[in-house]
**Student:** 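This is the structure I want to talk about, given as structure tokens.
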Amino acid sequence: MKQFINTDKIYVEDLGKHADKVVSLYGWLYNKRGKGKLAFLLLRDGTGIVQCVMSKADVGEEIFSRADDVTQESAIKITGKVNADDRAPGGFEIHVQNFELVSRSEEYPISPKEHGTTFLMDHRHLWLRSKKQNAILRIRHTIIKAVRDFFDGEGFTLIDAPIFTPAACEGTSTLFETDYFEDKAYLTQSGQLYMEAGAAAFGKVYCFGPTFRAEKSKTRRHLTEFWMVEPEVAYMDLNGDMELAENFVSYIAKCVLDKNRKELETIERDTTKLETIKAPFPRLHYDEAAEILKKEATEFVYGDDFGANDETVISSQFDRPVMVHRYPAAVKAFYMKEDPEDKTRALGFDMLASEGYGEIIGGGQREDNLDILLSKIKAHDLPEESFNWYLDLRRYGTVPHAGFGLGIERTVAWLCGLHHVRETIPFARLMHRLNP
RNA sequence: UCCCGAGUAGCUCAGCUGGCAGAGCAAGUGGCUGUUAACCACUGGGUCGUAGGUUCAAGUCCUACCUCGGGAGCCA
């Protein structure tokens with residue numbers, strides 16, 4: 001890569017290529033340990049952390065005291081020889097020849113000891129520098145790239161959905177309202193309806209962007225702003241949809257295992273749990289899932305949607321994600337196609353991640369019949385005029401079509417084995433958090 | 001919206017039946033040539049969330065409020 005400021009700069013992740021050579025590293029002081037006339041400086045540059053060993057005998061009094069005085073997270077430049085050494089974390093260490101202070105850090109709020117989550121979230125802009133958060137967001141990067149690579153590789157066209165929308169897509173959830181000149185606009189809670197238009201125009205499409213829910217949810221699985229990928233395919237039914245979903249999720253898991261071994265180790269993820277994420281995934285009819293819940297004696301009431309505990313019980317029966325399909329139509333959205341074999345059922349499915357992580361995908365086949373869709377809009381008490389353009393899709397060459405939405409943060413939390421989704425996005429937006 | 005829980009040093013927390021405000025880490029000073037969240041010694045650091053009440057005496061008991069955390073519902 002071209003270096004615009006420093007022609008001699010190399011990165012920690014490339015140290016192996018420079019064994020026994022003298023190099024310059026630019027970064028920040030992660031931590032230091034003094035030992036009298038010997039000092040250990042941990043330099044962090046965003047690609048990794050390397051231990052730099054400096055002895056007073058080698059560098060002299062002036063450089064040594066300059067380095068000895070430096071504070072945590074000060075910006076520093078270190079020049080020295082790259083040595084392989086088993087005692088060094090990472091396998092390589094630098095024998096310091098020169099040390100330069102680029103800028104001194106004030107007292108850094110995040111010490112190497114323990115902190116509470118509130119404090120760390122208040123300092124999220126600095127917390128990103130720590131090892132674990134760095135690893136998580138690198139895995140997020142892999143997942144997002146895998147999402148794009150998968151659909152691009154399958155011949156999908158990226159069609160971006162608008163973020164300002166005129167009304168509720170699904171009616172039920174609370175929307176964030178904003179002024180739009182003389183009018184009101186709402187932040188999108190799903191791009192799906194627009195993807196249905198896209199599917200009729202391009203055959204296979206997906207959108208990937210932020211989504212907003214104004215629900216007052218305070219749980220480890222909820223953000224008010226989260227990222228969702230939503231594919232939609234014309235001439236595809238529920239079975240095709242589930243096959244797409246399981247191949248998609250398997251691909252993502254494989255990419256993370258292929259590219260992020262080091263990061264998974266940093267966050268102490270049990271990777272055997274990831275090795276099993278391979279299509280095909282078990283598929284359960286709603287009634288079969290209900291049967292499991294009956295056997296396990298949960299408080300589940302037949303006909304209802306599954307609660308958080310129900311999802312955990314169902315998914316704990318399997319070593320990989322499970323797809324539950326044909327929910328009662330009454331608990332699902334108006335646009336879901338009804339099962340021609342049982343009109344009380346919707347041709348929708350949820351994918352429940354393993355290890356109790358709950359729903360990561362919701363999707364299904366869409367209602368493609370104009371009259372049935374009209375009656376559902378009426379039955380759900382939705383304003384018909386707002387859906388005129390959507391109904392047009394049923395007037396002008398309607399076809400069976402299906403799609404789904406996958407929540408990125410829940411997927412990251414699951415693959416990383418994290419307790420809470422707030423660490424899976426650089427700057428989380430929660431009910432009680434709008435800063436930093 | 002509902003149900004729990006918590007607010008004490010910069011951070012993480014302890015503080016018993018009401019009786020002088022504590023520890024570890026961080027910061028500062030000194031020491032140490034192989035440290036792995038280094039270690040050892042010393043130093044500084046407090047409106048106990050806010051308001052009111054009970055009491056000779058409140059961090060501690062009571063009431064209200066504020067803020068935050070966990071969970072439910074809803075969802076991805």
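Below, chain A is the first sequence line, B the second, and so on; all start at residue 1.
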**Student:** For RNA chain B, which residues in residues 140-149 of chain A have a heavy atom at a distance below 4.0 Å?
**Tutor:**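 Result for residues 140-149 of chain A: none.
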**Student:** Think A:Lys218 has a side-chain N or O under 4.0 angstrom from the OP1 or OP2 of B:G70?
**Tutor:**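 No, no such contact exists.
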**Student:** Looking at A:Arg33, I'd like to know whether one of its side-chain N or O atoms comes within less than 4.0 Å of OP1 or OP2 on B:U35.
**Tutor:**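 Answer is no, no contact under 4.0 Å.
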**Student:** Of A:Arg326, A:Lys332, A:Lys376, which is the lone residue that meets salt bridge (Lys or Arg N to Asp or Glu O under 4.0 Å) with A:Glu338?
**Tutor:**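 Testing each of A:Arg326, A:Lys332, A:Lys376 against A:Glu338, the sole residue satisfying salt bridge (Lys or Arg N to Asp or Glu O under 4.0 Å) is A:Lys376.
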**Student:** For the backbone of A:Gly403 and the side chain of A:Arg366, can you confirm whether one donor and one acceptor N or O come within less than 3.5 Å of each other?
**Tutor:**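 The answer is yes, because a donor-acceptor pair under 3.5 Å joins these two groups.
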**Student:** Starting at atom NE2 of A:His432, determine the distance to atom C1' of B:G70, rounded to an integer number of angstrom.
**Tutor:**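 Between C1' of B:G70 and NE2 of A:His432: 12 Å.
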**Student:** Under a 3.5 Å distance rule, please check whether A:Thr165 uses its side chain to pair with a backbone N or O of A:Tyr186 as donor and acceptor.
**Tutor:**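 It does hold such a pair.
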**Student:** Reckon A:His222 has a side-chain N or O less than 4.0 Å from the OP1 or OP2 of B:C75?
**Tutor:**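 No, no such contact exists.
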**Student:** OP1 or OP2 of B:G70 less than 4.0 angstrom from a side-chain nitrogen or oxygen of A:Arg422, does that happen here?
**Tutor:**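 Yes, such a contact exists.
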**Student:** Give, ordered by number, those residues of residues 352-368 of chain A having at least one heavy-atom distance below 4.0 Å to an atom of RNA chain B; if nothing qualifies, reply none.
**Tutor:**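 The stretch gives A:Glu359, A:Ile360, A:Ile361, A:Gly362 as the residues lying under 4.0 Å from the strand, ordered by number.
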**Student:** Could you measure between the two P atoms, the one in B:G22 and the one in B:G45, and give it in whole Å?
**Tutor:**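 13 Å, rounded to whole Å.
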**Student:** More 5' along RNA chain B: A:Arg220 or A:Glu107, using each one's nearest nucleotide?
**Tutor:**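 The residue mapped nearer the 5' terminus is A:Glu107.
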**Student:** Just checking A:Phe349 against A:Tyr327, ring centres under 6.0 Å apart?
**Tutor:**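 No - the distance between ring centres of A:Phe349 and A:Tyr327 does not fall below the 6.0 Å cut-off.
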**Student:** A:Met431 CE to B:G73 C1': how many Å, rounded?
**Tutor:**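 Spelled out: CE on A:Met431 to C1' on B:G73 is 13 Å.
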**Student:** For A:Glu423 and A:Gln133, test the side chains for any donor-to-acceptor distance below 3.5 angstrom and give the result as yes or no.
**Tutor:**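 Yes - a donor-acceptor pair under 3.5 Å links their side chains.
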**Student:** How long is the line joining CD of A:Glu311 and C1' of B:G71, in whole Å?
**Tutor:**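 From A:Glu311 CD to B:G71 C1': 15 Å.
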**Student:** Taking atom NZ of A:Lys77 as the centre, report whether more than 12 heavy atoms of other residues, nucleotides or ligands fall under 6.0 Å from it.
**Tutor:**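 Check passes, neighbour count above 12.
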**Student:** Please determine whether any donor N or O and acceptor N or O are separated by less than 3.5 Å between the side chain of A:Thr219 and the base of B:G70.
**Tutor:**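 No.
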**Student:** What integer distance in Å separates A:Leu38:CG from B:G31:C1'?
**Tutor:**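 Roughly 15 Å, once rounded to whole Å.
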**Student:** So what does A:Asp305 touch, heavy atoms closer than 4.0 Å: a base, only the sugar-phosphate, or nothing?
**Tutor:**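 A:Asp305: backbone/sugar contact only, no base atoms under 4.0 Å.
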**Student:** Have a look at A:Phe208 and tell me which of A:Phe150, A:Phe226, A:Trp227 forms a ring-ring contact (aromatic ring centres under 6.0 Å, His included) with it.
**Tutor:**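 Result: among A:Phe150, A:Phe226, A:Trp227, A:Trp227 is the only option passing the ring-ring contact (aromatic ring centres under 6.0 Å, His included) with A:Phe208.
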**Student:** Report yes or no: is the ring centroid of A:His115 under 5.5 Å from the six-membered base ring centroid of B:U12, with the two planes under 30 degrees?
**Tutor:**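 No; by the centre-distance and plane-angle rule, A:His115 does not count as stacking on B:U12.
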**Student:** Is the backbone of A:Arg221 close enough, under 3.5 Å, to the side chain of A:Arg410 for a donor and an acceptor to pair up by distance?
**Tutor:**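 Side chain of A:Arg410 to backbone of A:Arg221, a donor-acceptor pair under 3.5 Å: yes, one is there.
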**Student:** Are the aromatic ring centres of A:Phe306 and A:Tyr286 under 6.0 angstrom apart?
**Tutor:**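 Close enough - the centres of the two rings lie under 6.0 Å apart.
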**Student:** For A:Phe226 and B:A76, is the gap between ring centres under 5.5 Å while the planes differ by less than 30°?
**Tutor:**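 Stacking between A:Phe226 and B:A76: present.
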**Student:** From NZ of A:Lys32 over to P of B:A26, roughly how many Å is that when rounded to an integer?
**Tutor:**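 Value for this atom pair: 11 Å.
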**Student:** Does B:G70 have OP1 or OP2 under 4.0 Å away from a side-chain N or O of A:His420?
**Tutor:**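 The answer is yes; a side-chain N or O of A:His420 sits under 4.0 Å from OP1 or OP2.
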**Student:** Measure the distance from CD on A:Gln51 to C1' on B:U33 and round it to the nearest whole Å.
**Tutor:**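 Rounding to the nearest Å, CD of A:Gln51 and C1' of B:U33 are 13 Å apart.
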**Student:** Ring centroids only, cut at 6.0 angstrom: are A:Phe318 and A:Phe281 within range, meaning strictly under it?
**Tutor:**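 For A:Phe318 and A:Phe281, the ring centres are not under 6.0 Å apart.
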**Student:** Between A:Ile408 and A:Ser55, which has a closest nucleotide on RNA chain B that is more 5'?
**Tutor:**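 Closest to the 5' end, via its nearest nucleotide, is A:Ser55.
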**Student:** Under 3.5 Å, is there a donor-acceptor pair between the side chain of A:Arg124 and the main chain of A:Pro426?
**Tutor:**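 Yes; judged by distance alone, with no hydrogens or angles, the pair exists.
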**Student:** Measure CH2/A:Trp127 against C1'/B:U12 and give the value in whole Å, please.
**Tutor:**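 It works out to 15 Å between those atoms.
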**Student:** Classify the side chain of A:Ser217 and the base of B:C74 as holding, or not holding, a donor-acceptor pair under 3.5 Å.
**Tutor:**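 Counting by modelled atom types and ignoring angles, a donor-acceptor contact under 3.5 Å is found here.
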**Student:** Requiring both pairing distances under 3.5 angstrom, list the stems that contain RNA chain B and are made of three or more consecutive Watson-Crick or G-U pairs.
**Tutor:**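 Stems (3+ consecutive pairs) listed as B:1-7 with B:66-72, B:10-13 with B:22-25, B:27-31 with B:39-43, B:49-53 with B:61-65.
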**Student:** Quick check: closest heavy atoms across A:Leu25 and A:Val12, and the distance to 0.1 Å?
**Tutor:**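 That closest heavy-atom pairing would be CD2-N, 4.2 Å.
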**Student:** Within this structure, what is the CZ-to-C1' distance between A:Arg213 and B:C75, rounded to whole angstrom?
**Tutor:**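 Taking atom C1' of B:C75 as the reference, CZ of A:Arg213 is at 6 Å.
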**Student:** Check whether any side-chain N or O of A:Asp241 sits under 3.5 Å from a backbone N or O of A:Asp237 as a donor-acceptor pair, and report yes or no.
**Tutor:**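 No; zero donor-acceptor contacts below 3.5 Å.
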**Student:** Does atom CD of A:Glu275 have more than 12 heavy-atom neighbours from other groups under 6.0 Å away?
**Tutor:**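 Yes, CD of A:Glu275 has more than 12 neighbouring heavy atoms, counting only those of other groups under 6.0 Å.
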**Student:** Which part of the nucleic acid, if any, lies within reach of A:Ala57 when heavy atoms closer than 4.0 Å are counted: base, sugar-phosphate only, or nothing?
**Tutor:**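 Base contact.
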**Student:** Please evaluate the base of B:G34 for a donor-acceptor partner in the side chain of A:Glu93 within a cut-off of under 3.5 Å?
**Tutor:**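 Yes, a donor-acceptor pair under 3.5 Å.
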**Student:** Which part of the nucleic acid, if any, lies within contact of A:Phe40, taking any heavy atom under 4.0 Å across all strands shown: a base, the sugar-phosphate backbone alone, or nothing?
**Tutor:**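 Base, at least one base heavy atom under 4.0 Å.
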**Student:** So, is A:Asn31 near the phosphate of B:U35, with a side-chain N or O under 4.0 Å from OP1 or OP2?
**Tutor:**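 Checking B:U35 against A:Asn31, no side-chain N or O comes under 4.0 Å of OP1 or OP2.
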